[in-house]
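In each ligand, atom 1 is the first atom listed, and ligand 1 is the first ligand listed. We use all heavy atoms of the structure for the numbers below, so side chains are in, but hydrogens, waters and symmetry mates are not.
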Amino acid sequence: MNPAKLESYKPEAVMVADGNKADHGYDYDLVVIGGGSGGMAAAKEAALLGAKVALCDFVKPSPEGTTWGLGGTCVNVGCIPKKLFHIGATLRESIQADANFFGISSVGVKPDEMGQPPTLKTDQNWMAVKDNIQNYIRSLNFKYRVGLREKSVQYLNKLASFKDNHTVELVDKKGQTSEITASRFLVATGGRPTPLDCEGGDLAISSDDVFFLDKDPGKTLCVGASYISLECAGFLAGMSKDVTVAVRSILLRGFDRECSERIGDYMKEHGVKFKTKVTPSKLERVENDRIKVTFSDGTDDVYDTVLGAVGRTADTIKLRLESVNVDTNPKNRKIKTINEQSSCPNIYAIGDVMDGCPELTPVAIQAGKALARRLYGGSKEPMDYINICTTVFTPIEYACIGLSEEDAIAKHGKDGIEVYHREFLPLEWSLSRHDSNAFAKILVDAKSSDEQVVGIHYVGPNAGEIMQGYGVSMKNGLTYRQLTDTVGIHPTSSEELVTLSITKSSGDDAAAGGC
Ligand code: FAD
Ligand code: NDP
């Protein structure tokens, strides 16, 4: 979900903590269920504030049998391996596309008659990348365990489910059961990939498996057209795999259409194939362990790997939430909350498992810390879910904050919005890539004084690094006037955002020259 969609979220009441009561008679003040981004942050913050805390984390193997260590989705099967594969793929692309323009060639290879070194031919070994990333992740798993110990959080590698609203039953990997009690519980169990629901759908792997594959994925079909499918398709294609994306409707639903289409165009130009308006209707195993996919339009093809990335489902099914009257949204099984408090007053929820929460690591962390501070630190500050930056790490990255152009027009009317935009060639591509441009766009409330910024969009290299700082300004009521009053840093792509002057309403071309 595009976080901008949460603009309408308004906390109804700020819950005030009743402090840390040591005399409640339970084993712990707080038991956190789920050791991912949100759970770990909340547990450590609560312990720091003096609460007696235990954290239960247990990874149920994926249907393929993949399992991993402490830290949750982000570190094991999400942001971290994904970004490292993305870095590896873009590094390879840079070596292949740009290196010779900077005079870099293999030692001993002579320049051609024009003095140009030949394009570097590269090979990227799947197992080497995969093993190095996995080794790094194992070191993080270890650091997280140490981190919990240092903060005096009791780590329990056990699967938890509610017995009553002050007791959870725990099962360890040998099947042995035990119970612990607590004054409060925090559910931070995240989500798991939604399986493909077509015939033979179990032949597809998911993002829980792709980063662990013990063989090169080869020719791959990515099903789905949002963050996960496009990011995986991007790094696989960047690693020279033959990749097709099966798109049911549109790319990146909820995001700015113009920017989403630019991503699709860039990926097509860089070798990713798109099958549009289709879903897989049947998967079957064929010779050489390959998978034949029949699509809803009657076409078929054979792949080495099929990756299902059709959304994620909240991991609540085994928690026995009904036994403690915790309300969930029947559509997605997520926990309904007000200020992270569930319908059972001593049970809270944060992160991907909380209904209405953007599925992003920093959101889970921030919400976990804010909740711990309210419960044990006397804070009255609710989590602010508005204006959250995000980046899609596709081969050309896309970062945004605030409203898409479509949502801005829906909210303010066509005459109420002005768009400042520019298409430009980033300096890092200027010697070698004349066919790809970056794009920056700022949406302003045309009727407000100094033109209040309601959305910032950037498609180009280092998008996440660029957008973070603008996120701070957006939180503080950024105006177009403040942007253009800011002196840029030259030569960078980020300076484009403080020098945008071409308006869409003028009809002038968004493409501009350098310097
Ligand atoms: P999780 O991190 O999912 O942690 C939940 C933990 O609870 C897990 O360890 C689980 O095993 C455990 N658990 C579940 N049930 C029980 C139980 N009954 N008892 C004990 N333990 C249990 N976000 C970004 O911000 N940037 C990105 O670039 C990004 N990339 C992503 C890429 C991929 C492929 C995926 C899948 C996600 C990505 N995300 C990204 C999203 C991000 O990973 C999640 O939003 C974040 O991890 C959610 O944190 P959480 O604490 O809510 O849950
Ligand atoms: P999303 O829920 O965002 O998107 C699901 C995609 O699958 C959509 O394109 C949807 O199409 C498609 N789809 C759904 N059902 C089917 C089906 N039956 N057949 C074919 N296609 C289908 O899920 P993701 O898995 O991509 O990501 C989950 C969340 O994880 C994201 O919302 C994001 O918050 C987080 N994440 C963040 C990242 C980041 O910060 N860079 C990276 C990766 C994940 P349609 O539009 O037609 O519904």
Side-chain angles (χ1 to χ4, degrees), residues 1-3 32-42 55-61 67-83 85-86 156-162 168-171 186-198 201 206-208 210-211 222-232 245-255 277-281 296 308-320 332 349-354 357-365 367-368 388-394 397-399 464:
M1 185 209 299
N2 179 353
V32 177
I33 307 176
S37 313
M40 298 247 295
L55 177 142
C56 318
D57 187 65
F58 189 89
V59 180
K60 296 179 282 293
T67 185
W68 51 87
L70 178 64
T73 302
C74 170
V75 67
N76 293 288
V77 286
C79 330
I80 299 300
K82 178 279 306 289
K83 180 89 187 271
F85 271 105
H86 168 73
L156 303 163
N157 182 202
K158 296 176 183 190
L159 186 74
S161 60
F162 284 99
V168 285
E169 185 179 279
L170 303 175
V171 185
L186 172 59
V187 182
T189 50
R192 295 299 287 265
T194 308
L196 285 188
D197 59 1
C198 64
S206 73
S207 57
D208 279 358
V210 67
F211 306 112
C222 297
V223 184
S226 197
Y227 280 94
I228 296 181
S229 182
L230 295 185
E231 289 183 341
C232 291
V245 178
V247 183
R248 175 168 77 172
S249 56
I250 53 170
L251 302 189
L252 291 169
R253 179 180 300 286
F255 285 89
K277 309 275 181 247
V278 293
T279 52
S281 40
S296 50
V310 295
R312 293 172 64 77
T313 305
D315 200 355
T316 49
I317 205 141
K318 292 199 171 148
L319 282 171
R320 294 207 298 252
N332 58 18
I350 51 159
D352 286 10
V353 79
M354 186 192 110
C357 180
E359 294 176 4
L360 297 170
T361 282
V363 178
I365 292 173
I388 289 163
C389 316
T390 185
T391 298
V392 188
F393 294 98
T394 32
E397 296 174 6
Y398 167 37

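Annotation for Ala309 and Ile228: closest pair CB-CG2, 3.8 Å, computed over non-hydrogen atoms. Of all heavy-atom pairs between Asn157 and Phe58, the closest is O-CD1, 3.7 Å. The heavy-atom pair separating Ser296 from Val278 by the smallest distance is OG-CA, 3.4 Å.
No more than 12 heavy atoms of other residues, nucleotides or ligands sit less than 6.0 Å from atom NZ of Lys318.
Proximity of Glu359 to ligand 2, defined as any heavy-atom pair under 4.0 Å, is shared by backbone and side chain alike. Under 4.0 Å from ligand 2, the heavy atoms of Thr279 that appear belong solely to its side chain. The proximity of Met40 to ligand 1, defined as any non-hydrogen pair under 4.0 Å, does not occur for either the backbone or the side chain. Residue-level proximity to ligand 1 for Tyr227 is absent, since no heavy atom of it falls below 4.0 angstrom. Proximity of Val77 to ligand 1, defined as any heavy-atom pair under 4.0 Å, is confined to the backbone N, CA, C and O atoms. Counting heavy atoms under 4.0 Å from ligand 1, residue Thr189 touches it through both backbone and side chain.
Considering both main-chain and side-chain atoms, Ile228 comes within under 3.5 Å of ligand 2 through a nitrogen or oxygen pair. In terms of polar-atom proximity, defined here as any N/O pair under 3.5 Å, Asp57 does make such a contact with ligand 1. Considering backbone and side-chain N/O atoms, Leu360 comes within less than 3.5 Å of an N/O atom of ligand 1. At least one N/O-N/O distance between Gly38 and ligand 1 falls below 3.5 Å. Annotation: Thr73 places an N or O atom under 3.5 Å from an N or O atom of ligand 1; distance criterion only. Some N or O of Ala225 is nearer than 3.5 Å to an N or O of ligand 2, by distance alone. Remark: ligand 2 and Ser229 share no N or O pair separated by less than 3.5 Å (distance only, no angle test).
In this structure, Phe255 has its ring center under 6.0 Å from that of Tyr227.
The nearest protein atom to atom 46 (C) of ligand 1, hydrogens excluded, is given as Thr361 OG1, 3.5 Å; this is a heavy-atom distance. For atom 53 (O) of ligand 1, the nearest non-hydrogen atom of the protein is Gly190 CA, 3.4 Å. Among all protein heavy atoms, the one lying closest to atom 14 (C) of ligand 1 is Asp315 OD2, 3.2 Å. The closest protein non-hydrogen atom to atom 18 (N) of ligand 1 is Ala160 O, 3.0 Å. The protein heavy atom nearest to atom 41 (C) of ligand 1 is Glu359 O, 3.5 Å. At the shortest separation from atom 28 (O) of ligand 1 among protein heavy atoms lies Lys82 NZ, 2.7 Å. Protein heavy atom nearest atom 11 (O) of ligand 1, with residue, atom name and distance: Phe58 O, 2.9 Å. The shortest contact between atom 45 (O) of ligand 1 and any protein heavy atom is with Asp352 OD1, 2.8 Å.
Remark: ligand 2 atoms within the under-4.0 Å shell around heavy atoms of Lys82 are 41 (N), 42 (C). Short contacts between ligand 2 and Thr391, defined as distances under 4.0 Å to a heavy atom of the residue, involve ligand atoms 39 (C), 40 (O), 41 (N). Each of the following atoms of ligand 2 lies closer than 4.0 Å to a heavy atom of Phe393: 41 (N). Close contacts of ligand 1 with Gly351, meaning ligand atoms under 4.0 Å from a residue heavy atom, involve 52 (O). Shown in contact with Ser249 at under 4.0 Å from a heavy atom are these atoms of ligand 2, numbered in order with element: 45 (P), 46 (O), 47 (O). Near Arg253, meaning under 4.0 Å from one of its heavy atoms, ligand 2 places the atoms 45 (P), 46 (O), 47 (O), 48 (O).
Distances from atom 15 (N) of ligand 2 to the heavy atoms of Arg312, His86, Arg248 put Arg248 nearest. Of all the listed residues (Ala246, Gly464, Ser226), Ser226 holds the heavy atom that lies closest to atom 6 (C) of ligand 2.
For Asp208, the salt bridge (Lys or Arg N to Asp or Glu O under 4.0 Å) partners at least two apart in sequence or on another chain are Arg192.
Counting heavy atoms from C-beta on, the side chains of Val310 and Arg248 never come closer than 4.5 Å. No side-chain heavy atom of Thr391 sits less than 4.5 Å from a side-chain heavy atom of Tyr398. Using a 4.5 Å cut-off on side-chain heavy atoms (C-beta onward), Cys56 and Leu170 make contact.
Residue contact annotation: Lys158 has a non-hydrogen atom under 4.0 Å from ligand 1.
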